[in-house]
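One structure is given below, encoded as structure tokens.
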Amino acid sequence: MEKKIRIGVCVMEKKVKCGPEVFSAPMGQILDRLQSFGEFEVVHFGDKVILEDPIESWPVCDCLIAFHSSGYPLEKVEEYAALRNILICLESQFQDMLALIERCLIKNWIILLKKMTLLKFMGIAFANLSWKSLLMVGNRSSEFHPEVRRVRREGSYIYEEFMPTGGTDVKVYTVGPEYAHAEARKSPVVDGVVMRNPDGKEVRYPVLLTPVEKQMAREVCIAFRQAVCGFDLLRCEGRSYVCDVNGWSFVKNSYKYYDDAACVLRKIFLDAKAPHLSSTIPPTLPWKVNEPVQPSEGLTRQGSGLIGTFGQSEELRSVIAIIRHGDRTPKQKVKFKVTEEKLLNLMLKYNGGRPRSETKLKSAVQLQDLLDATRALVPRTRPGRGSDSEAEDFEHAEKLRQVKAVLEEGGHFSGIYRKVQLKPLKWVMVPKSNGEGEEERPVEALMVLKYGGVLTHAGRKQAEELGRYFRNNIYPGEGTGLLRLHSTYRHDLKIYSSDEGRVQMSAAAFAKGLLDLEGQLTPILVSLVSKDSSMLDGLANASIEIKEAKARLNDVIISGSKTLHNSGSAEKPWMVDGAGLPPNASELLPKLVKLTKRVTEQVKLLAKDEDEELAETSSYDVIPPYDQAKALGKTNIDVDRIAAGLPCGSEGFLLMFARWRKLERDLYNERKDRYDITQIPDVYDSCKYDRLHNSHLNLEGLGELFEFAQLLADGVIPNEYGINPKQKLKIGSKIARRLLGKILIDLRNTREEALSVADLKSCEDHHSAVNKTGSDPKLNARSEDLRKSSFTSVKSTDQDDDEDKETKYRLDPKYANVRTPERHVRTRLYFTSESHIHSLMNVLRYCNLDESLHGEASLVCDNALDRLFKTKELDYMSYIVLRMFENTEVALEDPKKFRIEMTFSRGADLSPLEKNDKDAASWHQEHTVPIMGPERLQEVGSYLTWENMEKMIHPFAMPAEDFPPPSIPQGFSGYFSKSAAVLERLANLWPFHKYGNTNGK
């Protein structure tokens, strides 16, 4: 019998011991497998031998496994290796380098060391946010500290640039340069809660690495001369970044990994010490007979959830939802001309001294400067009105006072709901300060203050509850099926939001409910929500058409009759021009104005009382000002403010009066005897808000005003996006063009990915059958080619959709302890505003009216068209859902392989407030209303194929090739480029390039 190869384990006991056992569980599993081959003998040195005995008395070995830790005698180990001329599995000089870097980090830089408590500062649009990383206290790994906004400047620190990774971290483990195993876990940044299994261990699942990431793993292994190592991988905006490299790291609880690691190490040892022996892996691994059986999950088949319609042969492949934001405060705007020197100087201060350039003030410092200037300009008393000039002065002072009140909300500047524009209007030439010539200087500017539109406590609650509803109802199968899919990386989730704060926070609250997360919304927003204002914001592309629609709508209402062309019928009333407008709209306008004045007068009295109290001592001494920043994570009302008789939320009576007074003035111009119908939605908006949140103020006539405003708004709002179906289609396609293109790409990618997986599975099933009768090497190669092409197909189609930035995590079926690893669902959630919901719905229901689709039936059935016509308003949290199902029992080329199901919800339902039962009282008390369930847009049993969907939507969607190419993110930017240079100089001290040969040996 040939002599066995002796493998010495020269590692400190604290690094390999697991209780009374000699080796830790993973290391023991791998070494046991190595010995099972019958070619190796493992010798453990132990601390006494390593630290006390001379190297001459150390056991004689052929190969040495050496791993550095504190107190480890590196030089002694190197001397032993030179003495015996043996193979060291981990190169000691590189471990020495790692130890030096570690000491530098501990002494000076304090970054990325798990042994230490650190603060990670995440700079985003509205605040500097702080997470405190903990050393796994129970189920918590970090805590969010919203009150910490100051970046430390005492001493020297390196701050990490925050990298959004979609709420997931990836751990990569190498065994030699040719093998890498990856596992993903929920990032502690999301909500600070660690996912654990019933045994209390952190839940991780194997995921697939891209070819680029595999090359990165190879280069890390070669550069650091660490045959067995682990590192963290951050996937951010389409690129991957390596951080935190650790030597001699193992995967826990993966028998397949233990098998692979033992086989790879066996080859490394045999190639180095016994190249004459074959390193071919035997057909049956020697330890397979006694290997414990891994448990498998019980998982029901998905099915479509449509009982008796399509049976259980369908698998859900994709969920695409377009969702409006939750309940918000009324949007407000203050616009007036200013000539004050303080305000003009402020404009010049922040526009670089350019007299003709406008200035936008959004940051805390800028708004504080504006508040200081406004406080100095607001008169202490309110003089009575006299002449016209005195009236103008009074109006000007009132608007300055309103600006001051808005800026003083909450006691400090936080959030993303206030911004000011200063636009110069007039200029004069003045002598320069140095006396040399003249320069231009502004003498008048237009100030525009926009505020409000903030997500309320009710909006957050609605969004979170809707997320829970989606989790339990939109995904067929068990109630926890989505969480199981998501935690095992078979759920590809991406959430997009427009740039508006209320939309972003709605998305974060929804994600919290969908994924059963804990904690505050801000870290969830930063980790999981991507902003895409070009796709989900703005009306600029259709501004001319919308203006025309509003002008024609005004003519219809004011004239008192429908003068436009009527192309509808009694059976299809939605085809009528101006459909939905009440026939007596012109008669309702005077009543609307009268009731608006009535409410305004009552609020004026309340504001006057508040103003007088503020001059002495107000209830605000007892009830602190509403803190908008602290309210971001709340889903309940401020009971103390309600009990004190104050308006709900951040609005005081002064601002409430300013809101109603502006509506009263803008709705009807008495001097010109002219109505402005564009104000009807705003009047309705304010009525709805006060009826829900300020009913405790008992404003007389508010209920009656709401009824008139709702009747008019139900006709005005839908017609602002087109006075007839063809104009609705034109405007809708312009506003939602990019979103429609992205939806088609999502569906196309889902289809191609599912086809690739189905093709691969079919080939592997055939391969399995052939293996029972005999091996077919060509089929083996075919299977591997298909696996690679499957990945390539997914990658290439994602590149078409501007989704290089989309981070993907796919379960690795080879290592997954999951019964159905191929089961995969793609979810794309798009949070936006009312305009995009209306626009998308108009394209879906009227796309067949386009000349290029003449004769085609609508995507929406007549029954649903009638319900949509009667629905009128798509209220807060209204949504449109497209689900794609795959029929697994038909051929790949069958047109009915994929079916698309469309549903919609009207969103918030105000009708419960009309009742006088217990439920109505509860809704009033909670200041919220329920969200309506989904309704079909298709007939039961109808079959909408992918091909038909694509044909009907394609003419109105932005083509994939027109999507702008994604920007390639830089690894470091700005200030952080300096720290990158420091690290690069440090790395150059060691000759990495010497070891970067192609063989990796």
Side-chain angles (χ1 to χ4, degrees), residues 327-332 398 401-402 405-406 408-410 451-459 461 592-615 617-628 631 634 636-665 667 682-710 876 908 910 912-916 920-929:
D327 180 72
R328 59 160 172 78
T329 62
K331 292 187 290 184
Q332 299 291 297
E398 287 298 293
R401 187 173 278 107
Q402 185 179 350
V406 171
E408 287 177 338
E409 272 188 291
Y451 65 100
V454 184
L455 193 70
T456 66
H457 52 82
K461 189 173 184 179
L592 191 72
V593 171
K594 181 180 178 181
L595 289 168
T596 302
K597 286 185 176 181
R598 184 178 175 185
V599 172
T600 304
E601 285 299 320
Q602 295 175 71
V603 180
K604 181 179 180 181
L605 292 175
L606 294 172
K608 183 179 179 182
D609 293 341
E610 180 184 83
D611 200 30
E612 290 172 354
E613 289 177 9
L614 285 173
T617 139
S618 83
S619 57
Y620 282 94
D621 294 335
V622 181
I623 308 299
Y626 186 83
D627 191 333
Q628 188 69 43
K634 292 183 178 180
N636 55 345
I637 61 175
D638 195 328
V639 179
D640 292 336
R641 285 182 61 88
I642 303 301
L646 297 171
C648 182
S650 62
E651 192 177 51
F653 285 120
L654 288 172
L655 290 179
M656 187 177 179
F657 170 58
R659 166 163 60 91
W660 278 103
R661 183 185 58 178
K662 184 176 186 300
L663 289 172
E664 177 196 329
R665 292 180 177 180
L667 180 62
D682 293 336
V683 173
Y684 173 62
D685 196 26
S686 275
C687 286
K688 183 166 61 174
Y689 177 80
D690 286 333
R691 195 160 176 264
L692 182 61
H693 297 284
N694 290 323
S695 60
H696 60 285
L697 299 179
N698 299 315
L699 298 174
E700 293 182 6
L702 182 63
E704 190 179 0
L705 174 59
F706 174 79
E707 292 177 6
F708 283 117
Q710 185 180 43
Y876 300 128
L910 296 172
L913 298 178
E914 308 291 341
K915 302 173 183 177
N916 293 319
S922 175
W923 293 119
H924 272 295
Q925 189 175 0
E926 294 293 328
H927 291 204
T928 187
V929 291

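FYI, the numbering just counts along the sequence from 1. The figures here come from the full heavy-atom set of this structure, side chains too, leaving out hydrogens, waters and symmetry mates.
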* Can D327 and H927 be counted as having a side-chain donor-acceptor contact under 3.5 angstrom? -> no
For the student: nearest non-hydrogen atoms of [X] and [Y], plus distance:
| X | Y | result |
| --- | --- | --- |
| A405 | L655 | CB-CD2, 3.8 Å |
| V603 | F653 | CG1-O, 4.2 Å |
| S686 | L663 | OG-CD1, 3.4 Å |
| V599 | E700 | CG2-O, 4.1 Å |
| M656 | P647 | SD-CG, 4.2 Å |
| G703 | R691 | CA-NE, 4.5 Å |

* **Carboxylate-amine/guanidinium proximity below 4.0 Å for R661 and E664** => no
So do the side chains of [X] and [Y] get within less than 4.5 Å of each other, counting heavy atoms only?
| X | Y | answer |
| --- | --- | --- |
| K331 | D682 | no |
| L606 | F657 | no |
| L692 | V929 | yes |
| Q710 | E707 | no |
| Q602 | L697 | no |
| V593 | K597 | yes |

[atom2] on [Y] to [atom1] on [X], rounded to 0.5 Å:
| X | Y | atom1 | atom2 | value |
| --- | --- | --- | --- | --- |
| T600 | R659 | OG1 | CZ | 10.0 Å |
| W660 | L705 | CH2 | CG | 5.0 Å |
| E601 | T596 | CD | OG1 | 12.0 Å |

With distance as the sole test, does [X] use its side chain to make a donor-acceptor pair with the main-chain N or O of [Y] at under 3.5 Å?
| X | Y | result |
| --- | --- | --- |
| T329 | V454 | yes |
| R641 | G649 | yes |
| H693 | K688 | no |

* Within 45° of the axis and under 6.0 Å from the centre of the six-membered ring of F708, does NZ or CZ of K594 qualify? -> no
